[in-house]
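Reading through the structure tokens given below for one structure.
In what follows, chains are A, B, ... by sequence order, proteins preceding strands, each numbered from 1.
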2 protein chains.
Amino acid sequence: MATIRDVAKLAGVSISTVSLALNETGKVNEDTYQRIWQAARDVGYVANPVAQSLKSGRSRLIGMIVGDISNPFFGKILQEVERYAIEKNHLVIVSESRADPERDLAILEQLSGQRVAGVILSPHGRGREYVERISSYRMPIVMLDHKVEGIDADFIGSDNVLASAMLTEHLIRWGHTRIAHIAGITGLWTAEQRMKGFYDTMAASGLPVDDSLVVRGEYDGDLSYTQAMRLLTRPDRPTAILAANNITALGVLQAINDLGLKCPADISLTCIDDVPWSNVISPRLTMAVQSIDEIARVASKWLLERISSRTPEAIAAREHIVDPRLLIGQSCAAPAQFSTKV
Amino acid sequence: MATIRDVAKLAGVSISTVSLALNETGKVNEDTYQRIWQAARDVGYVANPVAQSLKSGRSRLIGMIVGDISNPFFGKILQEVERYAIEKNHLVIVSESRADPERDLAILEQLSGQRVAGVILSPHGRGREYVERISSYRMPIVMLDHKVEGIDADFIGSDNVLASAMLTEHLIRWGHTRIAHIAGITGLWTAEQRMKGFYDTMAASGLPVDDSLVVRGEYDGDLSYTQAMRLLTRPDRPTAILAANNITALGVLQAINDLGLKCPADISLTCIDDVPWSNVISPRLTMAVQSIDEIARVASKWLLERISSRTPEAIAAREHIVDPRLLIGQSCAAPAQFSTKV
DNA sequence: GTGAAAGCGCTAACAG
DNA sequence: CTGTTAGCGCTTTCAC
């Protein structure tokens, strides 16, 4: 590969002049500039970003850490982020924490080692130590999806309380009183918020919550399937289920099918999160949809903004909460007789 | 960040000794080694990969270029690749070509600039110039999914001819003779192969193919929807459709639903590729499933193998073709009367 | 305006 | 076995 030295030789100038010229500093004569530019073209020169990184301490790489790469929600976000990044001449490194806080930290450490320009993190930990360790990095970090208290960084996510409140209310309107909630990962912000929205709305409607109907699905399809199986084979089974996210809902749907039940005739189902191609899933789910595009767009924008700022820390931490949209499907109906009378 | 110099100072040795020690060359006394190791711990030393890359000309980064990041097929592959890579202490950069050959090349150029250790590429071009430009890189490249003739590189993909042959045969067995094929991206290997499997099987069964029933869906959901709409509103509409991939099939399904038709009563549908959570899509699709895990595993393994080899080019190009599996669903039935008599 | 030189952090000859 | 030295390719003062 051609180096700056080759260009200098061909143009008959020193390497520093080449650098000055190619970086458009305006400190070089127009004609020398032209000569250098021509020479660069001729030898096929393209700057070595590794050398630039070593010198500057920053690369044109940005990192993205998510819990589960294969979750389409993150796939979409990744896609948007990558498009935005490439436009700004950055490349993106993705890595997966598998919902493990230790892994969050370990990857962050590696990314920091690579001198990435910044990272978009969907954090899976909490507590003082976690917060401190994350805060110890000097690179710009934008937090996504899960909010962690105490971190002084930009955050972009959805109003999860509102999302499950909307859905719970929807179910209540249909006449359900015995509603189950298959929750997300214990301790995770989104999961807790969604649960809160559920409890709050039930309380506001004066409905009691049977705590045995609130179970952990951990945002995991298989576990949610098992939990749904348990719930649905109880003699006093719920008449409706609020699933914490798309993966959970699919597990539930699977359980419903396997038990030979009908949704919504036998059981109503709603969930938070968007399901890919939800319109071909039968029945079409009633859900609270997050605006993936908006989340991705704001996250990329804010990160790149900090990256290109000469004083990133001067920008106060921002927060962008996206309102979910209620999407009515065909997965809800009035409670079936035999279940309501329990 | 602590550098090798800090460690040297603390341990009271020269920086080269530190380097030698930490790289486990076995050329350092046990006690000096211990002292250095201890010092490294104390100052919190961690090698700067950027400097290492500059020196060696290779980073511990691997690239992955796919057509569409949000396609769950690639999401899954990416996940597997990332897991394997991280295990081998590598990070992965993903980028999207959006099915544009020029972009393939442009990204490859950027990755090469970053001195990535290797790349996994799902290529979208063909022809001499494309092949030559790809071949000009010295880094290990493993090709995925789409096979490009003339490139001397490892290739991992499915037997696409077999896949569509299996499905076509399945439809023929059901008694279909008027079968439509919504094909993939023009010129792309997988698309051509799938089309070939279709034509070959029809010919082998002595069935004529109505060429107007073979249309381009370009692996695009919206376009496939439109094409399916056209096909299904023809007076002489087909009794079955073979969709080139999952995205295509979902578009078709959408069209079927929107037209108020029933699958499989009114129209049979099959597709190649796996659909995420296909078991909750109604009807369960009959499809040729590719073993994503196997593809991802072999690709990662081969790439990392070349990367860690001191003579990567000495390894002859390999090819691994995965046999698709026929997964019977409920999307096929005997042709309806009114259509067959056309 | 242009060039010489120092140095980012690390590795690898080559001496000693 | 350990230290000295010379870069990898680039940016950036600082002289001229």
Side-chain angles (χ1 to χ4, degrees), chain A residues 1-37 39-40 43-61 89 109-110 112-117 138-139 310, chain B residues 1-37 39-40 43-61 89 109-110 112-117 138-139 310:
Chain A
M1 302 216 95
T3 76
I4 200 173
R5 226 172 287 281
D6 303 319
V7 180
K9 202 177 298 169
L10 186 60
V13 294
S14 76
I15 62 165
S16 44
T17 306
V18 174
S19 177
L20 257 7
L22 264 24
N23 286 322
E24 315 266 344
T25 53
K27 297 183 172 180
V28 177
N29 266 348
E30 181 57 22
D31 53 333
T32 20
Y33 174 79
Q34 287 299 341
R35 203 146 35 89
I36 289 172
W37 199 84
V43 300
Y45 172 74
V46 37
N48 180 339
V50 178
Q52 291 178 312
S53 297
L54 179 59
K55 188 68 193 164
S56 69
R58 293 260 74 89
S59 68
R60 299 188 77 79
L61 263 20
N89 199 19
E109 185 66 30
Q110 280 210 56
S112 157
Q114 289 290 347
R115 305 302 189 270
V116 297
R138 315 198 47 234
M139 59 196 171
R310 57 201 74 265
Chain B
M1 301 216 100
T3 77
I4 202 174
R5 228 173 286 281
D6 302 319
V7 180
K9 201 177 298 173
L10 187 59
V13 295
S14 77
I15 61 165
S16 48
T17 307
V18 174
S19 177
L20 258 7
L22 264 24
N23 286 322
E24 315 267 343
T25 53
K27 297 182 172 178
V28 177
N29 266 347
E30 180 58 23
D31 52 336
T32 22
Y33 174 79
Q34 286 300 341
R35 205 146 34 89
I36 289 171
W37 199 85
V43 300
Y45 172 74
V46 38
N48 180 340
V50 178
Q52 291 177 313
S53 297
L54 179 58
K55 185 69 193 160
S56 70
R58 289 257 143 280
S59 68
R60 299 190 77 80
L61 261 22
N89 199 20
E109 185 64 29
Q110 279 210 55
S112 158
Q114 288 290 345
R115 305 301 188 270
V116 297
R138 315 201 44 235
M139 60 196 171
R310 57 200 73 263

Measuring to OP1 and OP2 of [N], would you say a side-chain N or O of [X] lies under 4.0 angstrom away?
{"X": "B/Tyr33", "N": "D/dT2", "value": "no"}
{"X": "A/Thr17", "N": "C/dT2", "value": "no"}
{"X": "A/Asn29", "N": "C/dT2", "value": "yes"}
{"X": "B/Gln52", "N": "C/dT11", "value": "yes"}

What is the nucleic acid contact for [X], judged by heavy atoms within less than 4.0 Å: base, sugar-phosphate only, or nothing?
{"X": "B/Val13", "result": "sugar-phosphate"}
{"X": "A/Thr32", "result": "sugar-phosphate"}
{"X": "B/Ser16", "result": "base"}
{"X": "A/Ser19", "result": "base"}
{"X": "B/Ser56", "result": "nothing"}

Spacing of [X] atom [atom1] relative to [N] atom [atom2], expressed in whole Å:
{"X": "A/Lys27", "N": "C/dT2", "atom1": "NZ", "atom2": "C1'", "result": "12 Å"}
{"X": "B/Leu20", "N": "C/dA12", "atom1": "CG", "atom2": "P", "result": "9 Å"}
{"X": "B/Ile15", "N": "D/dC8", "atom1": "CD1", "atom2": "C1'", "result": "14 Å"}
{"X": "A/Leu54", "N": "C/dG7", "atom1": "CG", "atom2": "P", "result": "14 Å"}
{"X": "B/Leu22", "N": "D/dC1", "atom1": "CG", "atom2": "C1'", "result": "16 Å"}
{"X": "A/Arg5", "N": "D/dT11", "atom1": "CZ", "atom2": "C1'", "result": "13 Å"}
{"X": "B/Met1", "N": "C/dC10", "atom1": "CE", "atom2": "P", "result": "10 Å"}
{"X": "B/Tyr45", "N": "C/dG9", "atom1": "OH", "atom2": "P", "result": "10 Å"}

Which nucleotide sits closest to the side chain of [X]: [options]?
{"X": "B/Ile4", "options": "C/dT11, D/dT11, D/dT4", "answer": "C/dT11"}
{"X": "B/Ser14", "options": "D/dG3, D/dC8, C/dC10", "answer": "D/dG3"}
{"X": "A/Asn23", "options": "C/dT11, C/dA4, D/dT11", "answer": "D/dT11"}
{"X": "B/Asn48", "options": "C/dT2, C/dC10, C/dC8", "answer": "C/dC10"}

task: Tell me, with the steps shown, if B/Thr3 and B/Ile15 meet side-chain contact (heavy atoms from CB on, under 4.5 Å).
output: CA-CA 10 Å; B/Thr3 77; B/Ile15 61 165; over 6 Å; no
Intermediate values then yes/no, side-chain contact (heavy atoms from CB on, under 4.5 Å), B/Leu61 and A/Leu61: CA-CA 11 Å; B/Leu61 261 22; A/Leu61 263 20; 4.0 Å; yes
- request: Would you please test A/Glu30 and A/Gln34 for side chain to side chain donor-acceptor pair (under 3.5 Å) and show each step?
  value: CA-CA 6 Å; A/Glu30 181 57 22; A/Gln34 287 299 341; 3.0 Å; yes
- request: Measure the spacing between OG of B/Ser14 and NZ of B/Lys9 and express it to the nearest 0.5 Å.
  value: 13.5 Å
message: Determine whether a donor-acceptor pair (N or O, by modelled atom type, separation under 3.5 Å) exists between the side chain of A/Arg35 and the backbone of A/Ala11.
response: yes
- request: For B/Arg115 and for B/Arg35, locate the closest nucleotide of DNA chain D by heavy-atom distance; then report the residue assigned to the nucleotide nearer the 5' terminus.
  value: B/Arg35
query: Is there a side-chain contact (heavy atoms from CB on, under 4.5 Å) between A/Met139 and A/Arg115 once you walk through the steps?
result: CA-CA 8 Å; A/Met139 59 196 171; A/Arg115 305 302 189 270; over 6 Å; no
query: For the side chain of A/Lys55 and the base of C/dG7, is some donor closer than 3.5 Å to an acceptor across the two?
result: yes
